[in-house]
Amino acid sequence: MHNRIEKKFKELKDNNQKALITFLTAGDPDIDTSYDVVEQMINNGIDILEIGIPFSDPLAEGPTIEKASYRALASHTTTDDVFSLVKRIRENYDLPIILMLYVNLIYKYGIENFMKKCSEVGVDGLIVPDLPFEEVEEVKELAHDVNLLIINLVAPTTKSVRLKKIINKSEGFIYCVSSLGVTGERKNITTNLSDFYDRLRTETDLPLALGFGLSNKEQIDRLKGNWDGYIVGSAIVNIIALYGKEAPTHVGNFIKSLKD
Amino acid sequence: MHNRIEKKFKELKDNNQKALITFLTAGDPDIDTSYDVVEQMINNGIDILEIGIPFSDPLAEGPTIEKASYRALASHTTTDDVFSLVKRIRENYDLPIILMLYVNLIYKYGIENFMKKCSEVGVDGLIVPDLPFEEVEEVKELAHDVNLLIINLVAPTTKSVRLKKIINKSEGFIYCVSSLGVTGERKNITTNLSDFYDRLRTETDLPLALGFGLSNKEQIDRLKGNWDGYIVGSAIVNIIALYGKEAPTHVGNFIKSLKD
Amino acid sequence: MDKRFGEFGGQYVPETLMEALIEIEEAFNKYSRDSIFVKELAELFDTVANRPSKLYYASEMTKDLGGAKIYLKREDLNHTGSHKINNVLGQMLLAKKMGKKKIICETGAGQHGVATATIAALFKMECHVFMGKEDVERQALNVFRMELLGAKVTSVDSGTGTLKDAVNEAFRQWTREIEDTYYLMGSVVGPHPYPIMVREFQKIIGEEVRAQIEKIEGRLPDAIVACVGGGSNAIGIFHDFVDDKKIRLIGIEAAGDGIDTEFHAATISKGSTGIFHGMKSKFLQDEYGKIMPVYSMSAGLDYPGIGPEHAYLSSIGRAEYYPVNDREAVEAFEYLSKMEGIIPAIESAHAIYYTMKLAREMGKDKIIVVNLSGRGDKDVYQVARYKGVDLDAQ
Amino acid sequence: MDKRFGEFGGQYVPETLMEALIEIEEAFNKYSRDSIFVKELAELFDTVANRPSKLYYASEMTKDLGGAKIYLKREDLNHTGSHKINNVLGQMLLAKKMGKKKIICETGAGQHGVATATIAALFKMECHVFMGKEDVERQALNVFRMELLGAKVTSVDSGTGTLKDAVNEAFRQWTREIEDTYYLMGSVVGPHPYPIMVREFQKIIGEEVRAQIEKIEGRLPDAIVACVGGGSNAIGIFHDFVDDKKIRLIGIEAAGDGIDTEFHAATISKGSTGIFHGMKSKFLQDEYGKIMPVYSMSAGLDYPGIGPEHAYLSSIGRAEYYPVNDREAVEAFEYLSKMEGIIPAIESAHAIYYTMKLAREMGKDKIIVVNLSGRGDKDVYQVARYKGVDLDAQ
Ligand SMILES: Cc1ncc(COP(=O)(O)O)c(C=O)c1O
Ligand SMILES: Cc1ncc(COP(=O)(O)O)c(C=O)c1O
């Protein structure tokens, strides 16, 4: 023990605080801007950083993050560029860093190689949207060798039998999908979230972070009561899409508005 | 006896002459012009006049006469208009007049009615391209009642057995198709015409008139030796197509050139 | 062989064509009784045409209409997509036996042209197809199919640029090369022996229906419905049942914009007896016998005449003929697509529409068989255009 | 049920889809052993799909090439014009048993979309088809066919606007309405249980071939050839023969402009192992695992992956895979049209081309069976354009 993610959640809990986890796609619109965005996020008080590696076919994403992926690929961002970005961040900051990426990027890099590299640059965890619980073992073993956590997702559709199994094998925190569909901002979240929370909480003491569709402070405030953390992605990516290289300060302001 | 057609061929034979039979489509471009064309033809020495009644679907014709048909229909020429034309010609001239028409025009007019009308206005014979020997009886009987001849056609493809039958039942003259295909001028007539003539001549003493594709004096002169008459159609229709209402004198000149 | 059906039929063609017709008649007489020919044709029906075609119980349509049980005879599943292939196989085999090397034909919707080009390719015959200019436009898909199959397609712009003009032009061309060319007529029209010959090659449809419905239902149907252009798919399904007097035989003509307008092709409903395209039959013509321009959105029904045997069956009251207009045909086209997942040829859709009406009027204990003469892929562009959808913009 | 073929296969999808896949797997396990389901499906194969499809001896092609005897398995004569209908009937019946009311699917050439829209119409299911923008353009005929059949067609312009992007988008849509919607996958690709399930519904092709060739030739063929997009028609005809080790099983991939260019879709020839679209298999990807844009003029083969069972059969040497490029496919498209009067789907034309080469190399005593997976009506416009003919101007 202990991984930075686990430590962060413990620390927040001890202070009766919620984790603010924010996402950006690395290389959107270029790697240097991504670094600046990250600094703004950190300086404005985020707790955990989630960095997406761009992929040609991000099929779990809605149009917002999908387009970010295409922009990042257009600026020729590779997995190695993302490792360099993480390395640069890690040289200056100690917050937990999670990579979000599609399984093929790990597989093609060579799973073991990939994990080694993560460990070298200071990655703390991985979120792999197309690697469900049933297929995770092969990757997880090699991740653990280098003290890297694999964050499981659960969805409102996940049934009890599997939910138990998933939760039993979860680590760090559980990424709870707020509603059906792909990533993206949502006006209304129709899932009954307090039922969802209760179902989960009866099964585990692990931190529960809510993601998919969170876009502003009011929404987050409304949900804050229960969850241990909330993940904001598309709302940030939208700002980056709008302002491009000028995005860092705008993202900083947005994060500040969430924290106020 | 005798029908004008028969008399004309006898008269020509007695004088060792060939019959010049000329064709036009009535009503092309209008009935008055047709009358003037006919007068020019007669004044320049044709022996027999063949008048086509326009039809919507002249499937035995090449493009020249087909288009003449469409032009005549465009000026609303009906079968009754053609009868009036014949009547007007007959008031002034005594040469044999033959109508060329498709069988449906006869049938729809009422066969008996049609024949009566022919007789009234002074028609001497009918050429019905889509009424072959096998189907002619019904029409022929009613034609004979009013001393009207039905002119049979024979083609290079007509085989001996049928040729004999057709010739045995022929009257007036035999319309000998010079070569395969539809009406229209031809540069070359590939049928061996002297063989064709011989085949016919051994079977009958009836006048043999050659048609389809004759377009100028040299061509006719070359063929003259044997045949008792020649039919010139598309070459005249072409002049009418070219000069429209001004066609009569041009047709007259053309006929003169054939006679010289 | 009798050249006529009552007063209808005959052989009204230019002398240049007569010997060829006689030759065909003789060959047909000989080979249609020749056991090798019969066997070869049966084999071609099986291996090439994809026969027998299924008799399909249209359960959804039957349920939706709430009346008679409806069966569809699936000629649309034949190779090349319509009943036309049956006749083409018969005549092409005959032409081959006769030693012919060149085939010409007319086509309306293009289905006959495609079938002819297809079998000409297989039989290694030269193939020349005549198609009205307007039909070339509305059936562009079929034009390229024919060309792909190696056929020469001539667009005919004389007259009205539709099927009748294609026939005229094909006849003209035939007279030019009569000696080595076989004219492969696409329907039960034209001079004898075509109406009989084409019927004989199409009657397999009705023969199969008899066996199939006997097997499925244990009895014969109460009514048989088919669209009528020249009338080959209708005669094909009717023929075997003509002597079963209790079975209603119903032919559906194209009423275009409506039979009370000038724009239709409803020959039996609005035509009169005449002589055209080699046959005495019913035609749409004016008082002087001029053939009238006709109209139907369906290229295969857009013809001013009808086969002489239909004129005869109508005259003796054995078969009934009713008009169905463009709008109704499009409705049935969409109805069958959505109801059974079968896109019918727009020609066949005319028969479907009438069946929709008829089924509602008949009891649930009654059975209707409809000839689904062809598939509608060739028509989707045109129906889209009819409905105001611009496909090119998609 | 084993989720893998050797190392290939698996179930790599977002959590949101997992329960749906499990539900489908359980239903498939249950119903594929249920005698009523089996009987109903057999009946649908007969009455709706027009099965069995004929095994056609291509005598002219055989004669012309001078080598092995060639037989064509005529999946092109199925209702809707390709093998896709077999799988659609199987899955749609399953979806119905599962109580689903909505169907979504992807389509490349549009044949799977048309088949799905067709059976959705018949089964009264709501149907939503995703199709790449580029495919919408090159297969416009099929788009309107689907719409006619009542389906909603969504043109996907993300990514490369072809089949893989249609799959992405269909997956995305599925996650949004996972609870009442069945995703009807069109080939032996995607997460378990699709590759097995689609194979089970397509294996009828090979089973029929076995019975047919035994009957005609008294023996099994020496080689079986099929084109491979996702691989369903190939698996369908291979499966029954996998244990007959002497029979060569040959899959043909689309080489587009050539496998030495960047523009092809030859997954086995040029790809490497990866994980995408829910499965571990072979993919065209860059060194980092980014999926590469692929190209083939054939929309149905224009896919950067291949079914996991093919990856497996290739890895153990049981099946062979070769590339055929656009030019060669067009040559075969025209060859078969002119030689046998059969216009093949441009997908199938890839298999025909390889067969032309193979037949010449094999003795006259050998037999090749080719899967003619679909008909080419949908492709004539595109081939015309490829050859520089402007059809709109005609
Ligand atoms: C599918 C289809 N049905 C019907 C017809 C009409 O012809 P017939 O009346 O000879 O069956 C055609 C003609 O092209 C056709 O293509
Ligand atoms: C006619 C045809 N053949 C083949 C294919 C390729 O698919 P598969 O490899 O799954 O058979 C398609 C796909 O659309 C198709 O339409």
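Chain letters run A, B, ... following the sequence lines, proteins first and then strands; every chain starts at 1.
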Practice problem: Work out which heavy atom in A:Val103 is nearest to a heavy atom in D:Tyr12; give both atom names and the distance. | Solution: CG1-CD2, 4.4 Å
Quiz item: What heavy-atom pair brings D:Glu179 and A:Thr157 nearest, and what distance separates the two atoms?
Solution: OE2-CG2, 4.0 Å
Quiz item: Do D:Arg172 side-chain atoms and A:Ala60 backbone N/O form a donor-acceptor pair below 3.5 Å?
Solution: no
Self-check item: For chain D, the option from A:Asn152, A:Asp80, A:Val177, A:Leu73 that forms the most heavy-atom pairs under 4.5 Å
Solution: A:Asp80
Quiz item: Picking from A:Ile53, A:Thr77, A:Thr79, what satisfies side-chain contact (heavy atoms from CB on, under 4.5 Å) with D:Tyr288?
Solution: A:Thr79
Quiz prompt | Pairwise distance CD(D:Gln285) to OH(A:Tyr107) - rounded to 0.5 angstrom | solution = 9.0 Å
Practice problem: Would you give the length of the straight line joining atom CD1 of D:Ile22 to atom CD of A:Glu134, rounded to the nearest 0.5 angstrom? | Solution: 5.0 Å
Practice problem: For A:Asn104 and D:Ile275, indicate whether the former's side chain and the latter's backbone hold a donor-acceptor pair under 3.5 Å. | Solution: yes
Self-check item: Heavy-atom neighbours of D:Glu7 CD exceed 12 at 6.0 Å
Solution: yes
Self-check item: Contacting moiety of A:Ile106, where chain D heavy atoms sit under 4.5 Å
Solution: neither
Quiz prompt | Residue pair D:Glu23, A:Lys159: steps toward the salt bridge (charged side-chain N to carboxylate O under 4.0 Å, His left out) verdict | solution = CA-CA 11 Å; D:Glu23 187 192 352; A:Lys159 292 193 185 143; 5.4 Å; no
Quiz item: For atom NZ of D:Lys133, is the number of surrounding heavy atoms from other residues, nucleotides or ligands below 6.0 Å larger than 12?
Solution: no
Self-check item: Portion of A:Val128 that has a non-hydrogen atom of chain D nearer than 4.5 angstrom
Solution: neither
Quiz item: Can you tell which of D:Gly289, D:Gly159, D:Pro14, D:Ser272 has the highest number of heavy-atom pairs within less than 4.5 Å of chain A?
Solution: D:Gly289
Quiz item: Checking heavy atoms, do the side chain of A:Pro54, its backbone, both or neither come under 4.5 Å from chain D?
Solution: neither
Quiz item: Does the side chain of A:Thr78 come under 3.5 Å of the side chain of D:Lys290 through a donor N or O and an acceptor N or O?
Solution: no
Self-check item: Nearest-0.5 Å distance that lies between atom OG in D:Ser158 and atom NZ in A:Lys67
Solution: 9.5 Å
Self-check item: Spacing of D:Phe276 atom CZ and A:Leu105 atom CG [to the nearest 0.5 Å]
Solution: 10.5 Å
Quiz item: A:Tyr70, A:Tyr109, A:Tyr102, A:Phe133: which one forms the most heavy-atom pairs within less than 4.5 Å of chain D?
Solution: A:Tyr70
Quiz item: Just checking, any donor-acceptor pair under 3.5 angstrom between side chains of A:Thr158 and D:Glu15?
Solution: yes
Quiz item: Could you go step by step and tell me if A:Val182 and D:Phe171 meet the side chain to side chain contact (heavy atoms under 4.5 Å, CB included) rule?
Solution: CA-CA 9 Å; A:Val182 289; D:Phe171 269 128; over 6 Å; no
Quiz prompt | Greater than 12 external heavy atoms within 6.0 Å of A:His144's NE2 | solution = yes
Practice problem: Could you tell me whether A:Glu112 atom CD has more than 12 heavy atoms of other residues or ligands within 6.0 Å of it? | Solution: no
Quiz item: Are A:Arg162 and D:Glu19 within salt-bridge range, i.e. N to O under 4.0 Å?
Solution: yes
Exercise. Would you mind telling me which of A:Pro63, A:Pro156, A:Pro132 has the largest number of heavy-atom pairs within less than 4.5 Å of chain D?
Key: A:Pro132
Exercise. Please determine if A:Glu135 and D:Arg4 form a salt bridge, counting it only when a charged side-chain N lies under 4.0 Å from a carboxylate O.
Key: yes
Practice problem: Supply the atom-to-atom distance A:Ser56 OG to D:Lys164 NZ, rounded to the nearest 0.5 angstrom. | Solution: 5.5 Å
Quiz prompt | Proximity breakdown for A:Glu61 and chain D, heavy-atom pairs closer than 4.5 Å | solution = backbone
Quiz item: So how far is it from A:Leu59 CG to D:Thr175 OG1, rounded to the nearest 0.5 Å?
Solution: 9.0 Å
Self-check item: Heavy atoms of other groups near A:Lys116 NZ, more than 12 under 6.0 Å
Solution: no
